[in-house]
**Q** 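Here it is, the structure, as structure tokens.
Order of the sequence lines fixes the chain letters, A, B, ..., with proteins taken first and strands second; residue numbering starts at 1 for each chain.
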2 protein chains.
Amino acid sequence: MGRRIRTFNRTAADAPVSAGGELPIDASFLESLLGYNARRAALTIIEAFLERMSVYGLRPVDFSVLSLITHNPGITSRQLCAALGILPPNLVKLIADLDKRGLLLRKPHPEDGRAIGLYLSADGKKLMREAEAAACDLENRVSSPLSADERATLMRLLRKIYQPDPSAPDTASGSTP
Amino acid sequence: MGRRIRTFNRTAADAPVSAGGELPIDASFLESLLGYNARRAALTIIEAFLERMSVYGLRPVDFSVLSLITHNPGITSRQLCAALGILPPNLVKLIADLDKRGLLLRKPHPEDGRAIGLYLSADGKKLMREAEAAACDLENRVSSPLSADERATLMRLLRKIYQPDPSAPDTASGSTP
DNA sequence: TATTGTTATACTCTATAACTATA
DNA sequence: TATAGTTATAGAGTATAACAATA
């Protein structure tokens with residue numbers, strides 16, 4: 001409870017309740033920025049995710065890795081790094097820890113002697129069945145303030161931000177010197 | 001360029017271009033999650049923000065702090081911490097660095113001898129006029145894939161996620177054991 | 001006794017360089 | 001020579017405990 005949060009733009013969720021008698025802070029400029037609102041929403045969801053997945057001993061990054069292994073058996077560390085934007089040195093301990101927990105099988109790649117294919121063990125499969133179900137349950141919970149249509153619209157608009165249609169005209173003055 | 005990114009769910013933006021001949025990775029489960037999409041969008045915007053603000057020597061957190069001081073002259077460290085979710089010990093160096101750059105004035109609080117009111121210096125005001133204009137320019141750029149209506153809808157739906165209307169019924173099964 | 005601002009410190013996350021073994 | 005996986009390490013970012021001055 002009262003988990004402490006990252007920086008950037010955040011308004012007081014768990015601020016130590018003030019002694020009182022202070023004027024409210026004007027954060028309207030920050031609140032007019034898309035980045036502020038996107039980050040607030042992402043942090044809200046990720047915080048719920050952290051809490052929901054802690055039962056399984058999985059951080060978001062662990063879940064992401066295991067989910068990719070689940071749906072891509074034999075995937076290599078290099079491919080995980082590319083797909084998740086993790087740097088190779090930082091994946092080593094993560095994989096080693098999941099391996100120590102008996103969730104993984106590591107088999108030498110049949111064609112490339114340098115690579116190691118990653119698979120879920122029986123325990124790993126069992127854990128991920130539960131964890132992915134929990135993720136779906138959480139998904140319903142965090143999107144409960146939205147109608148089904150609104151949820152679909154939100155997904156679509158978010159994708160337009162990070163995967164802008166290259167054929168669409170760029171209406172803004174965007175210059176990057 | 002080639003900035004390295006945080007963890008959680010990310011698909012390869014700057015993945016080292018593969019040797020080739022590999023099957024594409026199935027990330028459809030991750031891509032079905034609202035948190036994944038919200039984080040991807042937030043990171044896209046924040047990355048553009050980092051780049052745009054680097055001319056001013058401001059990280060997002062510096063910009064946030066200076067913006068709050070701009071619109072709340074005399075604000076205290078404690079209030080900044082509450083508004084931005086920063087822990088007091090972590091704000092000390094941030095404020096000290098902005099002060100060293102001559103962007104701030106620190107005046108003892110007239111009523112509370114423990115507190116220090118924060119103000120922008122003339123240089124700070126000049127910098128923030130430019131930086132907030134740049135933030136508005138960036139805002140137009142990142143939201144350029146969206147129509148004005150879509151941008152407003154996105155803002156509204158994001159706020160519904162992190163500021164759910166308490167009077168609305170919670171349709172989900174949300175249990176947190 | 002509680003709060004503001006601070007120091008010291010630790011832990012996590014992210015990043016770079018360099019090694020090894022294979023290709 | 002280039003790539004997959006690894007080691008060691010450095011730097012952010014974030015966290016807690018404890019202190020002095022003030023309320």
**Q** Could you verify whether a donor N or O on one side chain and an acceptor N or O on the other, from B:E132 and B:T70, lie under 3.5 Å apart?
**A**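 No.
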**Q** Test of understanding: with ring-ring contact (aromatic ring centres under 6.0 Å, His included), list the residues that count as partners of B:F29, not counting sequence neighbours.
**A**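 Once residues adjacent in sequence are excluded, the partners of B:F29 under the ring-ring contact (aromatic ring centres under 6.0 Å, His included) criterion are A:H71.
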**Q** Closer to the 5' end of DNA chain C via nearest nucleotide, is it B:N90 or A:N90?
**A**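 With B:N90 and A:N90 compared, the 5'-side residue is B:N90.
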**Q** Using whole Å, what does the distance between atom P of nucleotide C:dT12 and atom CD1 of A:I46 come to?
**A**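 Taking CD1 of A:I46 and P of C:dT12, I get 19 Å after rounding.
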**Q** Between B:E139 (side chain) and A:L34 (backbone), is there a donor-acceptor pair under 3.5 Å?
**A**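 Side chain of B:E139 to backbone of A:L34, a donor-acceptor pair under 3.5 Å: yes, one is there.
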**Q** Is any side-chain heavy atom of A:D137 less than 4.5 Å from a side-chain heavy atom of A:R52?
**A**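 Yes, close enough: below the 4.5 Å cut-off.
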**Q** What is the distance, rounded to the nearest whole Å, between atom CG of A:L87 and atom P of C:dA17?
**A**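 It is 12 Å, rounded to the nearest whole Å.
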**Q** For A:L94 and D:dT6, give me the distance from atom CG to atom P, rounded to whole Å.
**A**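 Taking CG of A:L94 and P of D:dT6, I get 12 Å after rounding.
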**Q** Please check if the side chain of B:S144 supplies one atom and the backbone of B:R141 the other of a donor-acceptor pair under 3.5 Å.
**A**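 Yes, because the side chain of B:S144 sits within donor-acceptor range (under 3.5 Å) of the backbone of B:R141.
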**Q** Any side-chain N or O of A:R59 less than 4.0 Å from the OP1 or OP2 oxygen of C:dT12?
**A**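 No, outside the criterion.
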**Q** Under 3.5 Å, which donor-acceptor pairs link side chains of residues 100-107 of chain B to any protein atom two or more places apart or in another chain?
**A**
unit_1: B:R101; atom_1: NH1; unit_2: B:G57; atom_2: O; d: 2.8
unit_1: B:R101; atom_1: NH2; unit_2: B:Y56; atom_2: O; d: 2.9

**Q** Nearest whole angstrom, please: distance from the P of C:dG5 to the CD1 of B:I86.
**A**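 Atom-to-atom, B:I86 to C:dG5, this comes out as 13 Å.
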**Q** Of the nucleotides D:dA8, C:dT6, D:dT16, which one has an atom closest to the side chain of A:P89?
**A**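 Nearest listed nucleotide: D:dA8.
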**Q** Using heavy atoms and a sub-4.0 Å distance, could you list which residues of residues 102-117 of chain A are near DNA chain D? By number, please.
**A**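 Heavy-atom contacts with DNA chain D come from A:R106, A:R114, A:A115, A:I116.
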**Q** How many Å lie between NZ on A:K93 and C1' on D:dT9, as a whole number?
**A**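 Taking atom C1' of D:dT9 as the reference, NZ of A:K93 is at 16 Å.
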**Q** Rounding to a whole Å, what distance do you find between A:Q79:CD and D:dT3:C1'?
**A**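 Result: 13 Å.
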**Q** Tell me the interatomic distance from A:I95, atom CD1, to D:dT7, atom C1', rounded to whole angstroms.
**A**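 After rounding, the gap between these two atoms is 16 Å.
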**Q** Round to the nearest Å and state the distance from A:R78 atom CZ to D:dT6 atom P.
**A**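 Distance check: A:R78 CZ to D:dT6 P gives 14 Å.
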**Q** Is there a donor-acceptor pair under 3.5 Å between the side chain of A:N72 and the backbone N or O of B:D26?
**A**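 Side chain of A:N72 to backbone of B:D26: a pair is present.
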